[in-house]
Every structure is written in structure tokens, then in C-alpha cells.
Amino acid sequence: MKTAPAIEVVLSEGPLGPEDAVRAPGAGAIVAFEGVIRPTEEGREIAAIEYEAYRPMAENQLESLARAAADRFGLAGVFVRHSVGVVPVGECSFRLVVASAHRAPALEGMAWFIDTMKRDVPIWKRPVFKDAQEQSR
Amino acid sequence: MKTAPAIEVVLSEGPLGPEDAVRAPGAGAIVAFEGVIRPTEEGREIAAIEYEAYRPMAENQLESLARAAADRFGLAGVFVRHSVGVVPVGECSFRLVVASAHRAPALEGMAWFIDTMKRDVPIWKRPVFKDAQEQSR
Amino acid sequence: MTLTVRLFGPYADAQGERELSVDLPPEPTVSLVLETIESRYPALSPLMPSTRLAVNNRFVPPSHEVREGDELALVGMVGGG
Amino acid sequence: MTLTVRLFGPYADAQGERELSVDLPPEPTVSLVLETIESRYPALSPLMPSTRLAVNNRFVPPSHEVREGDELALVGMVGGG
């Protein structure tokens, strides 16, 4: 008997904190992806990224994507965290943790999830440029 | 000017503990892979895996693999931890953390590193079967 | 019927508003809603080729008919993560 | 010359020993060392097709010549992680 995959989606305000250890019984591979705000965007220095989500839909879509990834790649668990609001440079705004019996489906499922998310999940980002911030002071 | 990639390799006795947060300035993607001991091997229940390393060579090879991955995929950092000795079921015996400006090279570099490691790094594993353990009591 | 369509991110920036009120014949298809928006709101038209209409928090086929009270939003050109 | 070759994991299990002492002509190539081991140690021969000789903690080409004092080990059939 195969247990149902563990699925968890959380949108939260501001930078993501560290993750508690993921426990997925029987999983042999746990892969965690973290997206961190880089210091430049389009060649300009930024202070932060501001994320705007169409929230109920973003949550629905992330959850159905997580289920689809679990089905398609036979994953034991898919855990998604995404920031909304302002996330400063160097902070984490997105975390995806995938648990799986073996390595290959975990890595493939992760790549598939992120690619699909970029297309299908209504979360938009807007750079907060450093110079704009200085001008507005 | 491109800064040299951060490379770190540590072999340690027994299960790996949790990782401190990896800081790789400018990295937009941090991917962590954890290999966890699964409860069965060849269909039999196991208690643990025992890892034996040809230690100086394993360290050399892991380090040169980490450098090769960093060069080849343009990674900002490659951090490797591997257990030697006995690691019980459910515990982590291998962790690879890759930091990169962007997502795709981090995931590709990770897959390449693990595949190559399985072939070129002299660390052998031996299952400690549950029934064998009971017999020997 | 008059439909309200929510705008976010680049849509809200381009239009300078958070929602549109669009007059349409009763129970229009998703295609008709999108075409109508494209022709009436020139500020949005550069974004429309990659735009989908979300109906009640889901993507639906172009032939889907929109009803009174459905929650509508323009989605596409996203890029979270 | 007599070379000492270290054995680990499945090599040590198959042979029941942690090292081999192999008599060889002076400065043998890596190929010759591996062939000699394969013919003299039947317990190891099932493992030899995927085996490489590590010399001073590195893999070297088959034509590499082994010197007195080099540290040698059989490697291959690994599978860490």
C-alpha cells in the first residue's frame, strides 16, 4: 500500500525563515531549493523584491501543482513556501522541498515544479531599485 | 571580476547533523540534496548502512569533483558532507549544497556531481540487516 | 452584463487601476472577454498575447462561459520564485 | 618488486583480507598490476572488470608506471551517498 504524498503550501509575508527538518518516512532523497534575492536586476542594484500574489488562486495553483508533481514523479512529499510582500536582497523568498524514495525523480520533479510555477502561479514580482529608494527619501 | 567558488568537503563519523545556513553572496539559488537511509535494501529490512571510505582519496576526489562542478556549471559554492561508519535508518548520510546565480546550473551541477561521485569516489556501503543483527544477539 | 476583472502586477501597473468594469453580452465566453478587454484597453494590449483569464481562481478553456458573480482576473506574465 | 595493494569494501569482503602483496617486475604499468591481480586472485576476478587502480590517491592512465613506495588501492564498484 502506498501512502498518500504529504503536500503543504504556505504563502507568508516577508522573507522566509529557516525550515524545520522535513520528515518523510521512507524517503531516501530530500531536495530543498531556495530562491534568494540577488543584488541586481536588469543590471541595476536593487534593495528588495516586492511580491504580489493573487492569493487564493496562487495557493490553489501551488497546491494543485504540488499534487501533480507528486503524482507524476511518484514523490513522497512536496512542501512549498513562497513570500508575499517585500523581501530584501540576500533573503529567501521561495522554498521547495521534495522528498522521494530515490534521487532522480526528486530532482526532475523539482525542475518541473519550478518551471510550471513560473508560468501558472499568479505571483508577480517587482524590483525595488536602490536608486529609486534614495530618490524617494 | 568573478570571485572564486567556495568549496568545502567534510567526511564525518556517523549521521550528519543539520546544516548551518549556507551564505553565498550573490547566489540566487541554493539547492540542498540530502541522502537519507531507507528502511529496506534488496527487499530486506535494514537497521543501518555502514560506510567505509578510503579516506584521503575520498576527500581528494570529492574536492576535485566539487571544483570541477563549480567550473563546469559556473557555481558560486559547492559544499559536501558525507558520513563514514554506521548511519541508522532515517538519518542523513550525504548532503550536497550547491549555490549558484541561477536555478538551472544549480540543479544540473547537482545531478552531475552525484552521478560522478557514485562512480569515482571510494566510499563503499554495506547494509546492516535487521535479521542479521537479531541473529547475532 | 457588466463584469469586474481584477488586475495585479504588470496589469495593474499598465492600466493604473486594480480592476476593470467590462460590459458584455450575457454569458460571454472567456475568449470574448479577453478580446473585448484587448480592444477596449489599449494600455493592456501589449500584455494580452500571453494573458489568460482566471475564473473563480482557476484557468478554464477559451470556450468556457462566464456567469454573473464569477470572480475574474487577468493572469499571465507571472514569474514568482 | 613487491607491491602492497589496499582493499576496501567488496574487495576486502571477497578476498577476506585488507591488502595484497603482489610480486611484479620493476616499474610495472597500471594495466600489468591489474592483470596480475586478476590472474592471481580468483576471488577478486568477478570485480575486476569495473576496477581501477588508485595510485597515491588518484586515478591514473593504464600506461602509468608504478614506483616503489606508491600507495595503491583497488577502486571501482563504489556507490556512496
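Numbered from 1 within each chain, the chains take letters A, B, ... in sequence-line order. The figures here come from the full heavy-atom set of this structure, side chains too, leaving out hydrogens, waters and symmetry mates. Since we're looking at a predicted model, the values are computed, not measured.
- Ring planes of B:W124 and D:Y11: perpendicular class, angle over 60° (limits at 30 and 60°).
- Within the structure, every pair that satisfies the salt bridge (Lys or Arg N to Asp or Glu O under 4.0 Å) test and touches residues 5-14 of chain B, not counting sequence neighbours, is listed here: B:E8-B:R81.
- Electrostatic pairing of D:R6 and B:E52 does not count as a salt bridge here, judged by no charged N lying under 4.0 Å from a carboxylate O.
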Do B:R126 and D:D13 pass the side chain to side chain contact (heavy atoms under 4.5 Å, CB included) test, and can you show the C-alpha distance, the side-chain angles, and the key distance before you say yes or no? CA-CA 10 Å; B:R126 181 186 280 123; D:D13 291 348; 2.7 Å; yes
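- When the heavy atoms of residues 63-72 of chain B are compared with those of chain D, none of the residues falls under 4.5 Å.
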Go through it in stages, so that I can follow the logic: the residues are B:M57 and D:F59, the test is side chain to side chain contact (heavy atoms under 4.5 Å, CB included), and I'd like the CA-CA distance, side-chain angles, deciding distance and then a yes or no. CA-CA 9 Å; B:M57 183 173 180; D:F59 294 120; 3.7 Å; yes
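- Using a 4.5 Å heavy-atom cutoff, the side chains of B:I123 and D:F8 are not in contact.
- The shortest heavy-atom contact between B:R119 and D:R52 is O-NH2, 2.7 Å.
- For a residue to count as touching a neighbouring chain, one of its non-hydrogen atoms must lie under 4.5 Å from one of that chain's; by this rule B:A53 touches chain D with the backbone only.
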